[in-house]
Amino acid sequence: MSHKSPKDFFRPLAVGAPAPLREIPARPSRAIHFFDPSNEKMAAKVPGMIGTVDVLLGNLEDAIKADNKVAAREGLVKIAQSTDFGPTQLWTRINALDSPWVLDDLTTLVPAIGDKLDVIMVPKVQGAEDIHYVDRLLAQLEAKAGIQRPILIHAILETARGVANVEEICGASPRMQGLSLGPADLAADRKMKTTRVGGGHPGYLVRQDPPKDADGNSQIDAQRSVFQQDLWHYTIAKMVDACATHGIYPYYGPFGDIADVVACEDQFRNAFLLGCVGTWSLHPKQIAIANRVFSPSVEDIAHARRVVAAMGDGTGAVMIDGKMEDDASLKQCLVLVELAEKLAEIDPELKKQYDAIEVQA
Ligand SMILES: CC(=O)SCCNC(=O)CCNC(=O)[C@H](O)C(C)(C)COP(=O)(O)OP(=O)(O)OC[C@H]1O[C@@H](n2cnc3c(N)ncnc32)[C@H](O)[C@@H]1OP(=O)(O)O
Ligand SMILES: CC(=O)C(=O)O
Ligand SMILES: [Mg+2]
């Protein structure tokens, strides 16, 4: 839902602010890698990560101690001003809109490094009103600082009200770039009885039916398989639909069990299959997992290209390996092929792998 009439939707919100984008570019953003700009050891690693990760995000909100908020903000300014980010995007996560730090975050960052910041992530977004506030303030600050292209907004979905309002959040401004899931705050706000940051839960499961004995009685105490379920399926699916409706991009979020690289990969893959374009990385070892999961496999691209070739003008139905392919399955294949083309532009290793695929007749 827009707060403006359709004719004014793309009008700048301050005189002299850059014109809003008509379309949000599909820039690869498989991993949004979080770092604490007040942590000197971590910050020192940032320049070396350029080119190995699609997005570097200087975090100012949760996980930064209250005593370090100013140092984190100043550290981010220093890093951004002294670093050429090349192909890697620079994002930040500002403090919550009801915090004592957010106004200084925005009024410091935009004049100092607004020309380098691609996206500002806003936490704990509750409804369109939060986006409208940041939208207008950014326009005023951009105009004052002479910023030439609009800084985009990314909202974290991490309150029950935010989830209920997801559609209006996505459509609140042409600056809206995407949404991430905030499973930790969302769990707390919903009063879910979990203590984890993302991922599944062994107690959230479906159990196989009991076997029956010769008389047809259920053997309740027999050994039965249990299947752990995904606590986040509903919210991710809702985010994906809202983002697709508004032409913006959905992301998973943090996976807090850094040591469990296997479950992390599974959770990321669920999000990829459901339509997310990327996820967060909290530790350097999660970057490779995200890059792998959010890049279509060589097998998928080989199959997709085969369907594209077989479908000619894109209409009708054909059989490939015993399966029916038609206009609709072709469209799914094109999603993968187009994503592979975008990734090949920035990832030479992937390009080599995709280029080596021979299309089977
Ligand atoms: C719910 C939410 O809001 S999630 C988002 C907020 N949370 C975050 O942003 C957390 C970001 N990550 C971190 O703070 C850290 O990775 C932690 C606390 C999880 C683990 O940190 P450590 O215990 O230091 O991890 P570990 O010892 O494995 O680190 C190995 C090296 O990687 C570095 N490192 C760890 N995390 C990062 C990072 N995110 N970026 C860059 N370097 C990092 C460490 O400084 C260390 O460097 P060293 O080898 O020179 O000593
Ligand atoms: C991602 C985040 O901020 C959360 O899970 O709360
Ligand atoms: Mg949070």
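Every number for a ligand or one of its atoms is a count from 1 in the order of the listing.
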Under 4.0 angstrom from [atom], is there any protein heavy atom?
atom: atom 17 (C) of ligand 1; result: no
atom: atom 23 (O) of ligand 1; result: no
atom: atom 41 (C) of ligand 1; result: yes
atom: atom 50 (O) of ligand 1; result: yes
atom: atom 3 (O) of ligand 1; result: yes
atom: atom 47 (O) of ligand 1; result: yes

Could you identify the single nearest non-hydrogen protein atom to [atom] and state the distance to 0.1 Å?
atom: atom 32 (O) of ligand 1; answer: Pro284 CG, 4.0 Å
atom: atom 3 (O) of ligand 2; answer: Glu158 OE1, 2.8 Å
atom: atom 26 (P) of ligand 1; answer: His283 NE2, 3.5 Å
atom: atom 45 (O) of ligand 1; answer: Lys41 CE, 3.8 Å
atom: atom 14 (O) of ligand 1; answer: Met42 CE, 3.4 Å
atom: atom 31 (C) of ligand 1; answer: Lys45 CE, 4.4 Å

So if I count the atoms of ligand 1 from 1 in the order they appear, which ones are less than 4.0 Å from some heavy atom of [X]?
X: Arg93; result: 3 (O), 5 (C), 6 (C)
X: His33; result: 38 (C), 39 (N), 40 (N), 41 (C)
X: Ala63; result: 6 (C), 7 (N), 8 (C)
X: Asn59; result: 6 (C), 9 (O)

Can you sort out which atoms of ligand 2 are near [X], meaning under 4.0 Å from one of its heavy atoms?
X: Asp185; value: 4 (C), 5 (O), 6 (O)
X: Ala184; value: 4 (C), 5 (O), 6 (O)
X: Trp280; value: 1 (C)
X: Pro254; value: 1 (C), 5 (O)

Would you kindly confirm whether [X] and [Y] end up in one hydrophobic cluster when ILVMFWY residues are joined by side chain heavy atoms under 4.5 Å apart?
X: Ile346; Y: Leu350; answer: no
X: Leu181; Y: Val197; answer: no
X: Val337; Y: Leu339; answer: no
X: Leu60; Y: Trp91; answer: yes
X: Val77; Y: Leu56; answer: yes

List the atom of [X], the atom of [Y], and the distance in Å for their closest heavy-atom pair.
X: Leu157; Y: Met239; result: CD2-CG, 3.3 Å
X: Arg149; Y: Gly114; result: NH1-O, 3.6 Å
X: Ala43; Y: Ile79; result: CB-CD1, 3.6 Å
X: Ile169; Y: Ala128; result: CG1-N, 4.2 Å

Sub-3.5 Å donor-acceptor pair from the side chain of Thr92 to the main-chain atoms of Gly58, do we have one? yes
Any Lys285 heavy atom less than 4.0 Å to ligand 1: no
Any Asp62 heavy atom less than 4.0 Å to ligand 1: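 Yes, Asp62 has heavy atoms under 4.0 Å from ligand 1.
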Between [X] and [Y], does any side-chain N to carboxylate O distance fall below 4.0 Å?
X: Asp36; Y: Lys65; value: no
X: Glu40; Y: Lys45; value: no
X: Glu265; Y: Arg269; value: yes

With heavy atoms under 4.0 Å as the rule, classify the contact between Arg196 and ligand 2 as side chain, backbone, both or neither.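 Neither; nothing of Arg196 gets under 4.0 Å from ligand 2.
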Would you check if there is a donor-acceptor pair between the side chains of Ser180 and His154 at a distance under 3.5 Å? yes
Is it true that the side chains of Asn95 and Glu61 contain a donor and an acceptor less than 3.5 Å apart? no
Quiz item: cation-pi between Arg93 and Phe34, 6.0 Å / 45°: no
Please check if atom NZ in Lys238 has more than 12 non-hydrogen atoms from other residues, nucleotides or ligands closer than 6.0 Å. yes
Backbone or side chain, does any N or O of Pro183 fall under 3.5 Å from an N or O of ligand 2?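 Checking ligand 2 against Pro183, an N or O pair does fall under 3.5 Å apart.
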Output yes when the distance from some N or O of ligand 2 to some N or O of Arg93 is under 3.5 Å, and no in every other case. yes
Please classify the Leu282 to ligand 1 contact at 4.0 Å (heavy-atom distances, strictly less than): side chain, backbone, both or neither.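 Both of them.
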Could you tell me which N, O or S atom of Asp185 is nearest to the Mg ion (ligand 3)?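 The Asp185 atom nearest to the Mg ion (ligand 3), restricting to N, O or S, is OD2.
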Looking at Glu158, which of its N, O or S atoms is the nearest one to the Mg ion (ligand 3)? OE1
From the candidates Ala184, Ser180, Gly253, the one that places a heavy atom nearest atom 1 (C) of ligand 1: Ala184
